[in-house]
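Okay, so here's the structure we're looking at.
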Amino acid sequence: MHQYLLLSGRTSFGGMRFTDLRRLALDIEVVTTEGFEFPSSARPGDRIVAIALADSTDFRQVIRGDHLDEAALLEECVRIVRELDPDVIEGHNIFRFDLEYLEARARRHGVTLGWGRDGSALAGRPARLQIAERAIGYRRYEVAGRHIIDTWILAQLHDVGVRDLPGFGLKEIARHLGVAAPDRTYVDATTIPELFRDDPERLMAYALDDAVETLGVAGRLAPPVFAQAQLVPFDYQATALRGAAAKIDALMLRESLRLRHAVPLPGPPAPVGGGHVALFQQGVARTTLHVDVTSLYPSLMLAHGIAPVSDEAGIFLTLLRELTDRRVTAKRLARDASTALERQHHGALAQSFKILINAFYGYLAFSTGHWNDFAAADRVTTHGREVVTGIIDRLTALGCVSLEADTDGVYFVPPPDHRLDNDDTLLEQIAANLPDGIRLELDGRYVAFFSYKLKTYALLDERGRVTLKGSGFRSRGLEPFQRRLIEEIVRLLLESRGKEVRAVIDRWLEDFARRRVPARLFARTETLGDTLEAYREKIAAGVRSPAAAYELAAAAGRAWQPGDQISYYVAGRGVNVAVNEHARLLSEWSAERPDENVEYYQAKVAEIWARFRPFAEDGGLRPPLDDEPSPQLDLF
DNA sequence: GCTAGCTGATGCCCG
DNA sequence: AACGGGCATCAGCTAGCG
């Protein structure tokens, strides 16, 4: 039996940092919950305890200090942790809020947060986490004998893979993953002080629902991490916080030491070529197939024996082969499992094997990896480009029309006489002269395909579902109304209804003119990647220009750290406003006095019309033009 | 003096 | 602290115009 401690609190202050803790207060409620359906790595029968923090900027006015002895509550918190003796402490955004908050309050009251199994104190230190292009600053907390897991960070890790989370707030994620607490209690953050005074039961119900949702989110996102902790020489918490290449390095290191081999120093970086990308046709294609090579880079490393030059013991390929075999086994065990618990366990294992396998190529070009080898990485991608260009040549020879290729796969239109039941034959013909160890898959069949630009396209499947790909279509850097408008247009194009696009454009222009578009649809949300100091230095050095998100964060006078998000919109008049001078926080927009810049947003609608107009007026395919004529913004 | 068009930096996404 | 490749946006600069 394991013990879980959940910290749950009001953390939705838009990434606000608490520079003035004196304005906050703390309330702790201990709730025991039992009988959840297999939450996170917990097993039925484990005991789960939630400590809910409630805070509000003017909380102290409500409680007048008399009713709340914060020092005693913090001591109580220590007592609870010791008594329950949890293995894992889970919470949403606890690294960036709850624990920082508790630490600060404990310091103020002279209380030691002796949460360790040996009685030692909770220890925090500044840390940075790089997840793909995201830099996240946080305070990393560790406590002896226990693992601290933050579902906010798990959500960031998850999103890099699928990029489908609506946001990173607990409630958004819980709803998205289908684990929202049923009939949950919602509370308007601004009414918390009154609620605490008038209806504390309701406030506690709200906090409990937060804890339940944290459990649900962890239940969906934590299992692959928990499974991975059993494979790599990192503990559970470190497994959640360290990158894939660091895990490969640790596996290599462990095996090398076991064999009593010396450990090499990392080699210097060198240029590595990328995957082959090509755009052959733009516009809308009907029946479209997608072939891709199964695990291209790992297969090439195994097929050609590509491994780090410094790996004299041959550990790299042995590990890769072993993980590949074990992934196959785990997938089979998951498929044949007799209980949901077993299926989830083997499924999570298979998933974590896959993540590790895919990281082997990246490891070769990992600058601090002891066995890195940039030349070997370059050989992998060189072979990869050869394989894909070979596939493209075969498609042409077979009378197919290639649309777009990217790294390990090609979208193409089959020959006119091709029929569905010939898919397998066609696949065999395409794969005819692939090297040994390289397997081709037909992994998609679509009713229509809209080829827009490289790495930017849309699919329509036989069930009428539209999938958008590419930053130009789905970037969070676009305003939500742009994404929505693009989605509407692309669907029309895929359904051969290009003539209706203009009406959609006109409707949005009209909606903006009449201020009928809700602020959340025209506000842009950006992630701050630099610290305030780094931003200021770059401006001073003239290497970057002012940007609205940073200017707003700085003007709000609040400290931020990389990874915080800002939502803003553009006010003022006219199309050519300087955005950073007319940006306002989304929270400042008021329905009574709407001040969004109608012309500015209408111009964005017009730009989208200019981008899609050629495709709306001509429904066919055409080769991409070398120099695109500049889109004319003239609407009428 | 004004602006279209270019350049570089940034944020985000594809595989 | 995996990689390279690519698209959209913004600010700042500049060539060419009136």
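Just so we're on the same page: letters track the sequence lines, and every chain starts at 1. Not measured: the values here are computed from a predicted model.
Candidate nucleotides dG11(B), dC12(B), dC14(B) were compared by shortest atom distance to the side chain of Thr527(A), and dC12(B) ranks first. Minimum atom distance to the side chain of Asn580(A) is reached by dA11(C), of the listed dA11(C), dG15(B), dC14(B).
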Report all interatomic pairs (protein N or O, nucleotide N or O of nucleotides 3-7 of chain C) with separations under 3.5 Å.
unit_1, atom_1, unit_2, atom_2, d
dG4(C), O3', Gly274(A), N, 3.1
dG4(C), N2, Lys455(A), NZ, 3.1
dG6(C), N2, Ser471(A), OG, 3.1
dC7(C), O2, Ser471(A), OG, 3.3

Can you tabulate the close N/O pairs, meaning under 3.5 Å, that link protein atoms to atoms of nucleotides 2-4 of chain B?
none

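Nucleic acid contact class of Glu404(A) (heavy atoms, under 4.0 Å, all strands): none. Within 4.0 Å (heavy atoms only), Ala246(A) reaches sugar-phosphate atoms of the nucleic acid but no base atom. Note on Lys604(A): only backbone sugar-phosphate atoms sit closer than 4.0 angstrom, heavy atoms only; bases stay farther off. The residue Tyr600(A) sits close only to the backbone: its heavy atoms come under 4.0 Å of sugar-phosphate atoms, none of a base. Residue contacts for Asn372(A): at a heavy-atom cut-off of 4.0 Å it reaches no nucleic acid atom on any strand shown. Looking at heavy-atom distances under 4.0 Å, Thr381(A) makes no contact with the nucleic acid at all. Residue-level contact check: Arg524(A) touches the backbone only, with heavy atoms under 4.0 Å from sugar-phosphate atoms and none from bases.
Note on residues 359-384 of chain A: no pairs pass salt bridge (charged side-chain N to carboxylate O under 4.0 Å, His left out), not counting sequence neighbours. The stretch residues 565-579 of chain A participates, sequence neighbours left out, in these salt bridge (charged side-chain N to carboxylate O under 4.0 Å, His left out) pairs: Arg573(A)-Glu599(A). The salt bridge (charged side-chain N to carboxylate O under 4.0 Å, His left out) pairs that include a residue from residues 149-161 of chain A are Arg134(A)-Asp159(A), Asp159(A)-Arg476(A), where partners are two or more places apart or lie in different chains. Within the structure, salt bridge (charged side-chain N to carboxylate O under 4.0 Å, His left out) contacts touching residues 229-255 of chain A (residues at least two apart or in different chains) are Glu255(A)-Arg258(A).
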How does protein contact run along nucleotides 13-18 of chain C, one letter per nucleotide 5' to 3', with B for base contact, S for sugar-phosphate only, - for none, heavy atoms under 4.0 Å?
------

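OP1 or OP2 of dA8(C) has not a single side-chain nitrogen or oxygen of Gln482(A) nearer than 4.0 Å. In this model, the phosphate group of dC12(B) is not approached by any side-chain N or O of Arg476(A) to a distance below 4.0 Å at OP1 or OP2. Proximity of Lys538(A) to the phosphate of dT10(B): a side-chain N or O atom is located under 4.0 Å from OP1 or OP2. Phosphate proximity of dC14(B) to Arg474(A): present, with a side-chain N or O under 4.0 Å from OP1 or OP2. For Arg134(A) and dG11(B), the shortest distance from a side-chain N or O to OP1 or OP2 is not below 4.0 Å.
Under the rule for a ring-ring contact (aromatic ring centres under 6.0 Å, His included), His176(A) has no partner lying at least two apart in sequence or in another chain. The ring-ring contact (aromatic ring centres under 6.0 Å, His included) check on Phe512(A) picks up Phe481(A), Tyr601(A), with sequence neighbours excluded. Judged as a ring-ring contact (aromatic ring centres under 6.0 Å, His included), and not counting sequence neighbours, His276(A) has no contacts. In this structure Glu322(A) satisfies the salt bridge (Lys or Arg N to Asp or Glu O under 4.0 Å) test together with Arg326(A), sequence neighbours excluded.
Defined by atom type and a distance below 3.5 Å, a donor-acceptor pair is present between the side-chain atoms of Gln565(A) and Thr527(A). Judged by distance alone, the side chains of Thr294(A) and Glu441(A) do bring a donor and an acceptor atom under 3.5 Å apart. Using modelled atom types, one finds no donor on one side chain facing an acceptor on the other under 3.5 Å when comparing Tyr569(A) with Glu479(A).
Nucleotide dT9(C) holds its P atom 19 Å from the OH atom of Tyr550(A), rounded to whole Å. One atom, OH of Tyr411(A), and another, C1' of dG15(B), lie 10 Å apart when rounded to the nearest Å. Atom CZ of Arg128(A) and atom P of dA1(C) are 12 Å apart (whole Å). Atom CG of Leu320(A) is separated from atom P of dA2(C) by 18 Å (rounded to the nearest Å). In this structure, the CG atom of Leu459(A) is 13 Å from the C1' atom of dC14(B), given to the nearest Å. The nearest whole Å value for the distance from the CD atom in Glu133(A) to the P atom in dA8(C) is 17 Å. What separates CG of Leu165(A) from C1' of dC13(B) is a distance of 15 Å, to the nearest Å. To the nearest angstrom, C1' of dC12(B) lies 10 Å from CD of Glu526(A).
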What donor-acceptor contacts under 3.5 angstrom involve side-chain atoms of residues 534-544 of chain A, with partners at least two apart or in another chain?
unit_1, atom_1, unit_2, atom_2, d
Tyr535(A), OH, Ala547(A), N, 3.1
Tyr535(A), OH, Glu551(A), OE2, 2.4
Lys538(A), NZ, Asp530(A), OD2, 2.9

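Relative orientation of the His383(A) and His304(A) rings is parallel, given thresholds of 30° and 60° on the angle between their planes.
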